[in-house]
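Only heavy atoms go into these numbers, but all of them, side chains included; no hydrogens, no water, no symmetry mates.
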Amino acid sequence: IKERSYNMKNVLEVMQSYIKAYRDNNKDYFLTLWESEAIFEDPVGADPMVGINAISEFWDFGHTGFSIVPKDESFLVCGEEGILQAIMQVRNKDDGSGMDIKIIDHFQVSDANKIIHLRAFWDQSSITPA
């Protein structure tokens, strides 16, 4: 069994960088946070996106005509895993309409401080009008 050592500070920094990518609307930065074959489930139960190309397409889909800005985030780290709780403010760039989605994201982070698996927990009951 390979012993792995994790720095909880690094997991927290990965999650904070994820928030920064959304806040800055920076797709290139967002993509640097992931392992090349990472898995992204958003939301859990939907078909997972596997690999950086699928994750890139997800970003494009979610940001076409919309901004997505996190607020009220909190973090919990345990070993190589972390939990992010936040409200994602999804807004139409033309008229400001949209919704708030209360999310819980579960991160698994690699030895290289990259996201290897992210599971986003939210459903219809998590959504409120803007």
Side-chain angles (χ1 to χ4, degrees):
I1 296 175
K2 178 185 171 194
E3 185 174 319
R4 297 171 73 179
S5 62
Y6 292 95
N7 182 336
M8 288 174 34
K9 181 179 178 221
N10 291 345
V11 174
L12 178 60
E13 287 174 357
V14 169
M15 291 190 298
Q16 290 171 330
S17 295
Y18 179 86
I19 290 292
K20 179 176 175 30
Y22 271 100
R23 197 166 273 136
D24 295 348
N25 193 30
N26 188 334
K27 177 185 174 183
D28 292 335
Y29 181 61
F30 179 79
L31 295 176
T32 68
L33 303 175
W34 299 84
E35 289 284 354
S36 62
E37 294 303 316
I39 300 168
F40 188 14
E41 299 175 67
D42 190 356
V44 169
D47 290 337
M49 291 148 282
V50 179
I52 204 72
N53 289 335
I55 293 167
S56 176
E57 290 171 7
F58 172 82
W59 176 279
D60 292 341
F61 174 78
H63 287 83
T64 300
F66 293 91
S67 66
I68 304 172
V69 179
K71 72 171 195 169
D72 299 335
E73 59 272 356
S74 63
F75 307 92
L76 177 64
V77 176
C78 190
E80 76 275 13
E81 300 182 38
I83 297 289
L84 161 67
Q85 290 183 297
I87 296 172
M88 300 303 259
Q89 296 178 314
V90 181
R91 300 293 183 269
N92 184 303
K93 291 179 182 177
D94 292 333
D95 64 12
S97 65
M99 62 188 155
D100 291 344
I101 307 173
K102 185 175 182 181
I103 57 100
I104 298 172
D105 285 349
H106 173 246
F107 290 74
Q108 289 181 288
V109 177
S110 71
D111 290 338
N113 299 319
K114 302 275 188 175
I115 302 166
I116 54 176
H117 196 166
L118 192 153
R119 302 181 79 211
F121 292 85
W122 62 272
D123 63 14
Q124 286 300 117
S125 69
S126 307
I127 300 172
T128 55

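Contact record, S110 with I116: CB-CG2, 3.5 Å, taken as the closest heavy-atom pair. Heavy-atom minimum distance, G62 versus I68: O-CD1, 3.5 Å. Residues S126 and W122 approach most closely at OG-CA, 3.6 Å, considering heavy atoms. A pairwise comparison of heavy atoms in M88 and P70 identifies SD-CB, 3.6 Å as the closest pair. Shown here for V14 and N113, the closest heavy-atom pair between the two residues is CG2-O, 3.3 Å.
Note that OG1 of T32 is 8.0 Å distant from CG of N26, once rounded to the nearest 0.5 Å. Interatomic distance, D105 CG to I19 CD1, rounded to the nearest 0.5 Å: 8.0 Å. Rounded to the nearest 0.5 angstrom, E37 CD and K114 NZ are separated by 13.5 Å. Rounding to the nearest 0.5 Å gives a distance of 12.0 Å between CZ of F61 and NE2 of H63. In this structure, CE on M15 lies 10.5 Å from CD on E81, to the nearest 0.5 angstrom. The CD atom of E13 sits 13.0 Å away from atom NZ of K20, with the distance rounded to the nearest 0.5 Å.
Counting heavy atoms from C-beta outward, V44 and H106 have side chains that stay 4.5 Å or more apart. Counting heavy atoms from C-beta on, the side chains of M49 and E57 never come closer than 4.5 Å.
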Tell me, with the steps shown, if E35 and H117 meet side-chain hydrogen bond (donor to acceptor under 3.5 Å, both in side chains).
CA-CA 9 Å; E35 289 284 354; H117 196 166; over 6 Å; no
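Using a distance-only test at 3.5 Å, with no hydrogens or angles considered, no donor-acceptor pair links the side chain of S56 to the main chain of I52.
Hydrophobic clustering places F75 together with L33 (ILVMFWY residues linked when any side-chain heavy atoms are closer than 4.5 Å, directly or through intermediates). Both F121 and L76 belong to a common hydrophobic cluster when Ile, Leu, Val, Met, Phe, Trp and Tyr are linked at side-chain heavy-atom distances under 4.5 angstrom. Residues Y18 and L12 fall within the same hydrophobic cluster, defined by Ile, Leu, Val, Met, Phe, Trp and Tyr side chains chained together at heavy-atom separations under 4.5 Å. Linking ILVMFWY residues whenever their side-chain heavy atoms come closer than 4.5 Å, directly or via other members, places I127 and F66 in the same cluster. Under a hydrophobic clustering in which Ile, Leu, Val, Met, Phe, Trp and Tyr are joined whenever their side-chain heavy atoms come within less than 4.5 Å, directly or via other members, I104 and V11 fall into different clusters.
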All N/O donor-acceptor pairs, side-chain side in residues 94-103, below 3.5 Å, sequence neighbours left out:
from, atom 1, to, atom 2, distance (Å)
D95, OD1, S97, N, 2.9
D95, OD1, S97, OG, 2.7
D100, OD1, R91, NH1, 3.0
D100, OD1, R91, NH2, 2.8

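Between Y22 and F30, the ring planes are perpendicular. Angles over 60° get that label, and only those under 30° would be called parallel.
For the ring-ring contact (aromatic ring centres under 6.0 Å, His included) with W34, the lone residue among F107, W59, F40 that qualifies is F40. Exactly one of L31, N25, D24 qualifies for a side chain to side chain contact (heavy atoms under 4.5 Å, CB included) with K27. That residue is L31.
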